[in-house]
There are 2 protein chains.
Amino acid sequence: MMTVHEVSELTGVSIRALHIYDRMGLLPASQKTESGYRLYDDAALERLQQVLLFRELDFPLKDIRKIIDSPVFDRNKALEQQIELLKMKKEHIENLIDLARGIQLRGVKHMNFEAFDTKKLDEYARQAKESWGSTPEWKEYEQKSAGRTAEDNRNLAARMMAIFTEMGQIRDQDPAGEKAQQLVKKLQDFITENTYTCSDQILSDLGKAYAGGGSMNDNIDKAGGEGTGEFAHRAIEAYVQRRKQ
Amino acid sequence: MMTVHEVSELTGVSIRALHIYDRMGLLPASQKTESGYRLYDDAALERLQQVLLFRELDFPLKDIRKIIDSPVFDRNKALEQQIELLKMKKEHIENLIDLARGIQLRGVKHMNFEAFDTKKLDEYARQAKESWGSTPEWKEYEQKSAGRTAEDNRNLAARMMAIFTEMGQIRDQDPAGEKAQQLVKKLQDFITENTYTCSDQILSDLGKAYAGGGSMNDNIDKAGGEGTGEFAHRAIEAYVQRRKQ
DNA sequence: AGTTGACTCTGACCTTGCGTCATAGTTTAC
DNA sequence: GTAAACTATGACGCAAGGTCAGAGTCAACT
């Protein structure tokens, strides 16, 4: 657990910015002390890394939040897009260097402004944003979450984590057992109710993230104890397999 | 002469931005029609190119104006700095690409935020800015121009140009002749009075810019007729040489 | 000559992403 | 137990425009 100061030192993000990111839900503090001090864990840092990559690409913070919180968010897809955009930006800068060198050597008489043109880059960024906000799942999520405050969202997250805490309590039992299967159904219903229709396919995808070693995994293990994410993954697989027949 | 629309199309700068740049003196319209429409000539475009290079490097517009209008402004020095900064920016982006690739391949467990660090870049940019604002000439200029409005500045520019118009009228005569030499002295005094103490050395440097084929040259030729810049250059050289003895 | 459509002007207000106090409570270290 | 260092909230300020609104201008077609 790190304080704002420590996070700020480590990442170069100002304390003021952390306040803002917290309040707008872009990077909520993982926890708060009784006196209201913000504390951040590794999952938060991981999220911050994502945020900073998007920020570097001049995405509006609201959009970043939307993208990262999108029900269909996929880190790898995001990284690919980010790399692509970074490459375009690099190219853009190379063009500017060439332009500046050209002026140095041959004077300014060319009047070439193409190097400043960011249309391609902007267009790609627009597409990238759209790719997160135009799926049916997202539309549904938008509707259901309209008018929700950051408070509400934290509340929902807490209720979701409560389910994983329950799972954690039986993680030494059979993932295909009745209690575990009931909890999986409870989870699926909860997601459907509060975010978007959670098909078995989507549930299965989520399950992979729960055990994938990412921030999801960490969060879940924190709620239910070491190995809960892995357990949830197996329980979900059993659930989905059974329903296939 | 181009309209705002045309300039906007050519350069990608919005019309609104052009309005703002005009009002703040960063990029004054070269001329206005009776009805108040802004018109831009090639010298303005040249200046805009400089502005955009600095803007790309996230220099505040006010600083850009200061730098470009600095009595000691030197296009080549500026270009060198810009290239250096662009190279650093490029490197920064390359680091980010590496970071993103690393996360893709090996997961996020490294928690490396160094790639986001812009301290080196910021520091260099700070130095670059300072290098324009810390010469004695600049300090003097700051004092003399304190409280001057954009209107005042245009006025001064017009009075300066009037001197070149006078020069233009005698540009078929001897640059070392009495009339020409009087005008050079008038110019030197005008600069000393309104900007900073214009030593013979500085005057000589300025003279080179007047004939160098840049925007200065263009502006002067526009005020006094083709060849006036060249004439001014020679007149100044004669003036300075004579005073050396 | 009149009208239409595309431009342009100014001015006022809105927005983003913070920086900068001010004020007040909290924790840590000696 | 007190100083020094942190932290929180809130209010305000700022840059660099975007976005109308209201009004004038210009070119072109009819």
Side-chain angles (χ1 to χ4, degrees), chain A residues 1-40 44 48 51-68 116 118 122 125-126 129 149-151 154, chain B residues 1-40 44 48 51-68 116 118-119 122 125-126 129 149-151:
Chain A
M1 283 300 186
M2 305 174 74
T3 66
V4 278
H5 183 81
E6 288 162 347
V7 174
S8 177
E9 287 285 290
L10 174 63
T11 66
V13 175
S14 79
I15 294 179
R16 185 69 207 318
L18 289 175
H19 287 172
I20 291 171
Y21 295 173
D22 184 9
R23 194 167 27 135
M24 70 186 286
L26 176 59
L27 181 71
S30 324
Q31 200 186 320
K32 284 203 174 188
T33 69
E34 319 157 11
S35 44
Y37 285 22
R38 275 164 262 257
L39 294 175
Y40 297 87
L48 181 52
V51 168
L52 292 182
L53 273 172
F54 278 118
R55 192 183 68 165
E56 198 78 26
L57 294 162
D58 302 311
F59 280 51
L61 299 186
K62 272 186 191 166
D63 292 4
I64 300 180
R65 173 162 154 30
K66 264 196 184 181
I67 290 173
I68 297 188
F116 293 108
T118 56
D122 291 348
R126 208 189 50 67
K129 278 175 213 167
T149 68
E151 187 59 39
R154 255 165 295 182
Chain B
M1 282 298 187
M2 303 175 73
T3 66
V4 278
H5 183 81
E6 289 161 346
V7 173
S8 177
E9 286 286 289
L10 175 63
T11 66
V13 176
S14 78
I15 293 178
R16 183 69 219 284
L18 290 174
H19 286 173
I20 291 171
Y21 295 173
D22 183 9
R23 192 166 29 136
M24 71 186 286
L26 177 59
L27 181 71
S30 325
Q31 198 185 321
K32 283 202 172 190
T33 68
E34 317 158 12
S35 44
Y37 284 24
R38 276 165 261 258
L39 294 176
Y40 297 86
L48 181 53
V51 168
L52 292 182
L53 273 172
F54 278 118
R55 192 184 68 167
E56 198 79 26
L57 294 162
D58 302 312
F59 280 51
L61 300 187
K62 273 185 190 166
D63 293 5
I64 300 179
R65 172 162 155 31
K66 265 196 183 180
I67 291 173
I68 296 188
F116 293 108
T118 56
K119 269 174 212 151
D122 292 348
R126 208 190 49 67
K129 279 174 213 169
T149 68
E151 187 59 38

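Per chain, numbering begins at 1; letters A, B, ... match sequence-line order. Hydrogens, waters and symmetry mates play no part in the numbers below; they use all other heavy atoms, side chains included.
- Going from atom CZ of Phe54(B) over to atom P of dA15(D) covers 19 Å, rounded to whole Å.
- Contact detail for Tyr40(B) and Ser30(B): the closest heavy-atom pair is CA-OG, 3.3 Å.
- Between Leu61(B) and Met24(B) the shortest side-chain heavy-atom distance falls below 4.5 Å.
- Per the geometry, CZ belonging to Arg65(B) stands 16 Å off C1' belonging to dA15(D), to the nearest Å.
- Map Ser35(A) and Glu6(B) each onto its nearest nucleotide of DNA chain C; the residue landing nearer the 5' end is Glu6(B).
- Once you apply a 4.0 Å limit to the heavy atoms of chain A, the touched nucleotides of DNA chain C run 5' to 3' over dT16(C) to dT27(C).
- Side-chain contact between Lys32(A) and Asp22(A) is present, with at least one heavy-atom pair separated by less than 4.5 Å.
- You'll find the side chain of Val13(B) stays beyond 4.5 Å of the side chain of Val7(B), heavy atoms only.
- Residue Leu39(B) contributes atom CG, which lies 15 Å from atom P of dT25(D) at whole-angstrom precision.
- For DNA chain D, the neighbouring residues in residues 11-19 of chain A, judged by any heavy atom under 4.0 Å, are Ile15(A), Arg16(A), His19(A).
- Using a distance-only test at 3.5 Å, with no hydrogens or angles considered, a donor-acceptor pair links the side chain of Glu6(A) to the main chain of Thr3(A).
- The closest donor-acceptor contact from the side chain of Ser8(B) to the backbone of Val4(B) lies at 3.5 Å or more, if one exists at all.
- Atom OH in Tyr37(B) sits roughly 11 Å away from atom C1' in dA27(D) (whole-Å rounding).
- Side-chain contact between Pro60(A) and Lys129(A) is present, with at least one heavy-atom pair separated by less than 4.5 Å.
- Rounded to an integer number of Å, the gap from CZ of Arg23(A) to P of dG10(D) is 8 Å.
- Remark: Lys32(B) is not in phosphate contact with dT25(D), judged by side-chain N or O atoms under 4.0 Å from OP1 or OP2.
- In this structure the side chain of Arg38(B) never reaches within 4.5 angstrom of the side chain of Leu18(B), judged on heavy atoms.
- Of the residues near DNA chain D, Glu34(B) and Arg55(B), the one whose nearest nucleotide (by heavy atom distance) lies more toward the 5' end is Arg55(B).
- The phosphate of dG17(D) has OP1 or OP2 within less than 4.0 Å of a side-chain N or O from Tyr21(B).
- Candidate nucleotides dA15(D), dA16(D), dA8(D) were compared by shortest atom distance to the side chain of Leu61(B), and dA16(D) ranks first.
- Residue-level contact check: Thr3(A) touches the backbone only, with heavy atoms under 4.0 Å from sugar-phosphate atoms and none from bases.
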**Message:** Determine whether Lys66(A) and Lys62(A) satisfy the following criterion, side-chain contact (heavy atoms from CB on, under 4.5 Å), listing intermediate values before the conclusion.
**Reply:** CA-CA 6 Å; Lys66(A) 264 196 184 181; Lys62(A) 272 186 191 166; over 6 Å; no
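- Atom pair Asp63(B):CG and dA15(D):P shows a separation of 11 Å (rounding to whole Å applied).
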